[in-house]
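For reference, the structure is listed below as structure tokens.
Labels below follow one simple rule: chain letters A, B, ... track the order of the sequence lines, proteins then strands, and each chain is numbered from 1.
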Amino acid sequence: MSEGALAKGYEFAEVESHWYSYWEENGFFRADQTSSKPPYSVVIPPPNVTGQLHIGHALNDTLQDILCRYKRLKGFEVLWVPGTDHAGIATQNVVERQLAADGLTRHEIGRETFQERVWEWRAKYGGIIINQLKRLGASCDWSRERFTMDEGLSQAVRQVFVSLYNSGLIYRGKRMINWCPRCVTALANIEVEGEELSGSLYHIRYPLVNGKGALVVATTRPETMLGDTAVAVNPQDNRYKAFAGQMVVLPISGRHIPVIADPYVDREFGTGALKVTPAHDFNDFDLHTRHNLDIIQVIDERGIMTDQAGAYAGMDRFACRRQILKDLEKGGWLVKTEAHTHRVGHCYRCHSVVEPMLSLQWFVAVKPLAEAAIEAVREGKTKIVPAKWEKDYFNWLENLEDWCISRQIWWGHRIPAWYCRRCNQVIVSMEAPGQCPNCSGDSLEQDTDVLDTWFSSGLWPFSTLGWPRKTQELEKFYPTSTLVTAFDILFFWVARMMMLGLRFMEEVPFREVYVHALVRDAEGQKMSKSKGNVIDPLLMMDKYGTDALRFALTAFAVQGRDIKLSEDRIEGYKHFVNKIWNAARLLLMNLEGFEGPFEIPEKVTGLAHRWILSRLQRVAAETADSLDNYYFNQYAQVLYQFLWHEYCDWYLEIVKPDLYGEDAEAGRLARSVAAHVMHNILVLLHPVMPFITEEIWQRMKPFTSGLSIMQESFPESRSELIDPEAEEQMETIMAIIVAVRNIRGEMNVPPSLKVEVVCIGDQDSHLELLEGQRRMIADLAKVSSLTIARAGEIPKPGHAAGAVVGNMEVFVILKDILDFESESGRLQKELSKLEKEFAMTSRKLSNDDFLQKAPQDVIDKEREKNARLGEKLEKLNRRLDIMNGLRENLAI
RNA sequence: AGGCACGUAGCUCAGUGGGAGAGCGCUACCUUGACGCGGUAGAGGCCGACGGUUCGAAACCGUCCGUGCCUACCA
């Protein structure tokens, strides 16, 4: 061995940075578009350029990294495209805050200077999250890192816009949209988050103009009454039928407004009379269209009351509400106030209450695009895993309304539309036009709005590969293989990539979508900075190492269930990392000066060796199967179980005498097999624990060869090594060892004290097996002398504690120290457990229906089990009789 | 209001028609030459409730209870 023994503790910090740069320097993450290997490609969900790595990213990118590293080992040409998203509103907010600190606003410095500031900001801080991804071990091809505002991607955006405009799928129109008065921009419907608020429902009296009575309306937003242009009632409502067509006096303003009848009004809700404010409510706007009502805008784009609000002009909308209520009360119009919880829309970026607003915006007509996106999933061109998300996907796309894509901010892709100042012609084109094609005027102005960030993210799978240019990358890697994402951006992002990918590439953007869960805190709450319950992945990596964090996230990544994560669960997996390290340490200590063989022999002899090799083949198969099906938790668990509880607990303990013993041949075999299995475990684990596996792998030469574990082949399950006989025999031996240990434990025999053990059986195969494994049993069960005998050959020992294993009896001789009382108690407990099981199988077997209708193999199995239990019961019963007899003798 | 999940050991969760499992925690014992971030053994569960299908249900179906999430224009 070249590298020598391992340090006692695993120094993860050093190891991690060392190997990451080694991988990067050697170009192991780089994809070759000219390769003849089959392609496997993934595009990263681009984090916000303003972002810091949070636990959600850590999960998302760990899973992608697992898939990418796995596929590389499997012989694929893997491309993982990294990058960041310009995050229009979020980034603009960040830079505006920075300006505010200098006492400036973006309007004061102007659009161009502001954009320069954003680019400066990006140059300085935009790489933070990239470095955090490297810290996590992400094996992205950094030579292909993209940013949604890159020139190439921007050109893609313009081309898509122009193309959709020319085919009539992008249009400009004046419609009701959601507006954030804080961000001062339009939002897409999906960017509005409904939040349950406890507010009030105010009942307000609107007197009839003719003085003969009044209508009482109910509203949650009294301030909008300044813009009321009607009161609506249901035509079927007998209470109000007579009012329809009359006029009422709008309190405070004194304006006269009509009472209209419309079936939209819910008779049951509130008073059954609805105030109608077309300028500030989606449904009221619809009523305006049907009834040709006036529109009066009383709230402006900053949430301030307009001149139309009369005396309230200039007030903030919420201050106005309070004042209106006071004034209504003073005037006697406020009939009553009742508590009312309702959902109010909030801006997903800044959390302000959004305002419905009539506004001139750009839209994408999504219907035809959505139909194609639905069709592609229905036909299985893209598979969503777990499949339950397909339902949500369909439901969303089927009920999709046109997508508002213009934003009134400065950071983003400016809309490629120009307006002729002379004739108002709209010109949409890739580049700034020289003159108006309609009137030849040369006074043109570009639209000041930018596009929704998600518009550019929607192109990500092909824009990052060079589209609209025809590149080798597109040829080789599109459609991408797998998209890994959390469900909360299924609609924001996945659905839009589907729509746009199908439209412009005429092919789905990805073959499979794996939708993973959200990471929550230990109480199941969403993590948020304001709640203070965030787990910072960077801190976790500092404390426990990246591999431990990655393994924890993977072990909890069960399909369809959110992950409740707490710090001690991460700490727990650090223990696993430690276990791997120490197993390797034991191995490497014993490989010093080892001269081979570095391969296992063609034909392996020795029960334990055959057994562990057989188990390894099964584990390799399960591992691949788990990853192929996105059962990440199962992948982690299988390896955890195998490494710790089979390789370490049993195999290494079994071969220790060979390692330390005199038999050189046995020592060589043990070293070869132990190293072979470790080598394979390392490769199997590498996708989830890239760092420690590389570190150990490097030290295992010449068992390993090459530059990196990354260049290995993923272990195939070798059927010729699967050895059911060895597995069965080991199970028998292990059961006997456990039985002896159990007795020792129960009877309080100290570990330092070796005991005499007698095994009695009546099957040749068993007796031979035990004879062959004397040493293993003696070592692992701490046995001083082991007697193996055929039933009847020797008397069953009296002063001994016994157990039944299969159809053998195992006795631990306790001569003077046997306490008959506790031994008979122990046997009794075991008996009652068995009796219950025996009764159950007996009942089944005496059921004619079962015997007639159950499949034969089930019946056979049940018969076998019943016989086994019966035999065991008989032996235990006899033993109990003996113990009871001895106890009575003692009493006499 | 509708839809979708989930309810299994103290905690967190696997398991989807024929033997109730894991990790952590807990108890007892242990300076065994890789590891106390360890070892060995043990305790602990009418698998939310009720009904149905079935020879057989933790699993399939229905109802209910509880929890969570998503969607919706009841002002």
Name every donor-acceptor pair, under 3.5 Å, that has one atom in a side chain of residues 738-750 of chain A and the other anywhere in the protein, sequence neighbours excluded.
from	atom 1	to	atom 2	distance (Å)
A:R741	NE	A:L780	O	3.2
A:R741	NH2	A:L780	O	3.4
A:R744	NH1	A:L753	O	3.1
A:R744	NH1	A:A781	O	3.3
A:R744	NH1	A:K782	O	2.8
A:R744	NH2	A:P750	O	2.9
A:R744	NH2	A:P751	O	3.4
A:R744	NH2	A:L753	O	2.6

* Asked: Which value, in whole Å, describes the distance between the P atoms of nucleotides B:rG17 and B:rC61?
  -> 12 Å
* Indicate, yes or no, whether a donor-acceptor pair under 3.5 Å links the base of B:rC4 to the side chain of A:K388. => no
* Asked: Can you give one letter per nucleotide of nucleotides 24-33 of chain B, 5' to 3': B if a protein heavy atom sits under 4.0 Å from the base, S if only from the sugar-phosphate, - if neither?
  -> S----SS--B
* **RNA chain B base-pair string [pairs: Watson-Crick or G-U under 3.5 Å; |: paired with another strand]** => ((((((((.[[[[.)..(..]]]].(((((.......))))).....[[[[[..)....]]]]])))))))....
* Do side-chain atoms of A:R868 reach the backbone of A:E864 as a donor and acceptor pair under 3.5 angstrom? -> no
* Same-atom distance (P) from B:rU32 to B:rC37, integer angstrom -> 14 Å
* Asked: Has A:N633 got a side-chain N or O lying under 4.0 Å from the OP1 or OP2 atom of B:rC13?
  -> no
* **Sugar-phosphate, base or nothing in reach of A:Y264, heavy atoms under 4.0 Å** => base
* Asked: Can you tell me how far P in B:rG39 sits from the matching atom in B:rA22, rounded to whole Å?
  -> 15 Å
* Asked: Base, sugar-phosphate alone, or nothing: which one does A:H340 contact when heavy atoms must sit under 4.0 Å apart?
  -> sugar-phosphate
* Counting any heavy atom closer than 4.0 Å, what does A:R221 reach on the DNA or RNA strands: base, sugar-phosphate only, or nothing? -> nothing
* Structure fact -> A:F269 meets the ring pair (Phe, Tyr, Trp, His ring centres under 6.0 Å) criterion, sequence neighbours left out, with A:H340
* Asked: Salt-bridged, A:R267 to A:D237, with N to O below 4.0 Å?
  -> no
* Should A:R569 be listed as having a side-chain N or O under 4.0 Å from OP1 or OP2 of B:rU12? -> no
* **Touch class at under 4.0 angstrom, heavy-atom based, for A:V577 against every strand present** => nothing
* Pair A:Y348, A:E193: side-chain N/O donor-acceptor within cut-off below 3.5 Å -> no
Would you be so kind as to tabulate the donor-acceptor pairs closer than 3.5 Å made by side chains of residues 847-857 of chain A, with sequence neighbours excluded?
from	atom 1	to	atom 2	distance (Å)
A:N847	OD1	A:D849	N	2.9
A:N847	OD1	A:F850	N	3.4
A:Q856	NE2	A:D860	OD1	3.0

* **Interatomic distance at P, B:rU63 relative to B:rG3, whole Å** => 11 Å
* Is any side-chain N of the basic residue among A:E355 and A:R221 closer than 4.0 Å to the acidic one's carboxylate O? -> yes
* Asked: Say you pick atom P in B:rG23 and the same atom in B:rC69; how far apart are they, in whole Å?
  -> 31 Å
* Pairwise P distance for B:rC47 and B:rG51, with rounding to whole Å -> 14 Å
* Of the nucleotides B:rA5, B:rC13, B:rG42, which has the atom closest to the A:V558 side chain? -> B:rC13
* By salt bridge (Lys or Arg N to Asp or Glu O under 4.0 Å), which residues pair with A:E567, not counting sequence neighbours? -> A:K543
* **All salt bridge (Lys or Arg N to Asp or Glu O under 4.0 Å) counterparts of A:D262, not counting sequence neighbours** => A:R290
* **Test ring pair (Phe, Tyr, Trp, His ring centres under 6.0 Å) applied to A:Y206 - qualifying residues, sequence neighbours left out** => none
* **Side-chain N,O (A:H645) to OP1/OP2 (B:rG23) below 4.0 Å** => yes
* Flag side-chain contact, heavy atom, 4.5 Å: A:I260 against A:L293 -> yes
Polar-atom pairs under 3.5 Å, protein N or O versus N or O of nucleotides 17-20 of chain B: list them with distances, or write none.
from	atom 1	to	atom 2	distance (Å)
B:rG19	O2'	A:K865	NZ	3.4

* Structure fact -> The residue, A:T219 or A:I190, whose nearest nucleotide of RNA chain B is more 5′ is A:I190
* Do the non-hydrogen side-chain atoms of A:L274 and A:Y264 ever get within less than 4.5 Å of each other? -> yes
* In whole Å, what separates the P atom of B:rA49 from that of B:rU8? -> 10 Å
* Could you identify which residues of residues 270-286 of chain A place a heavy atom less than 4.0 Å from some atom of RNA chain B, listed by residue number, or say none? => A:G272, A:L274, A:N283
* **Option passing ring-ring contact (aromatic ring centres under 6.0 Å, His included) with A:W644 (candidates A:F642, A:Y647, A:Y640)** => A:Y640
* Structure fact -> Testing B:rA5, B:rA43, B:rC55 for proximity to the side chain of A:K833, the answer is B:rA43
* **Nearest-angstrom distance from the residue atom CE of A:M589 to P of B:rA34** => 6 Å
* Not counting sequence neighbours, which residues clear salt bridge (Lys or Arg N to Asp or Glu O under 4.0 Å) with A:K336? List them please. => A:E338
* Of the nucleotides B:rA41, B:rA22, B:rA75, which one has an atom closest to the side chain of A:Q637? -> B:rA22
* **Whole-Å C1' distance, B:rG44 and B:rG38** => 24 Å
* Does A:E823 have any side-chain hydrogen bond (donor to acceptor under 3.5 Å, both in side chains) partners at least two apart in sequence or in another chain, and if so, which? -> A:R826
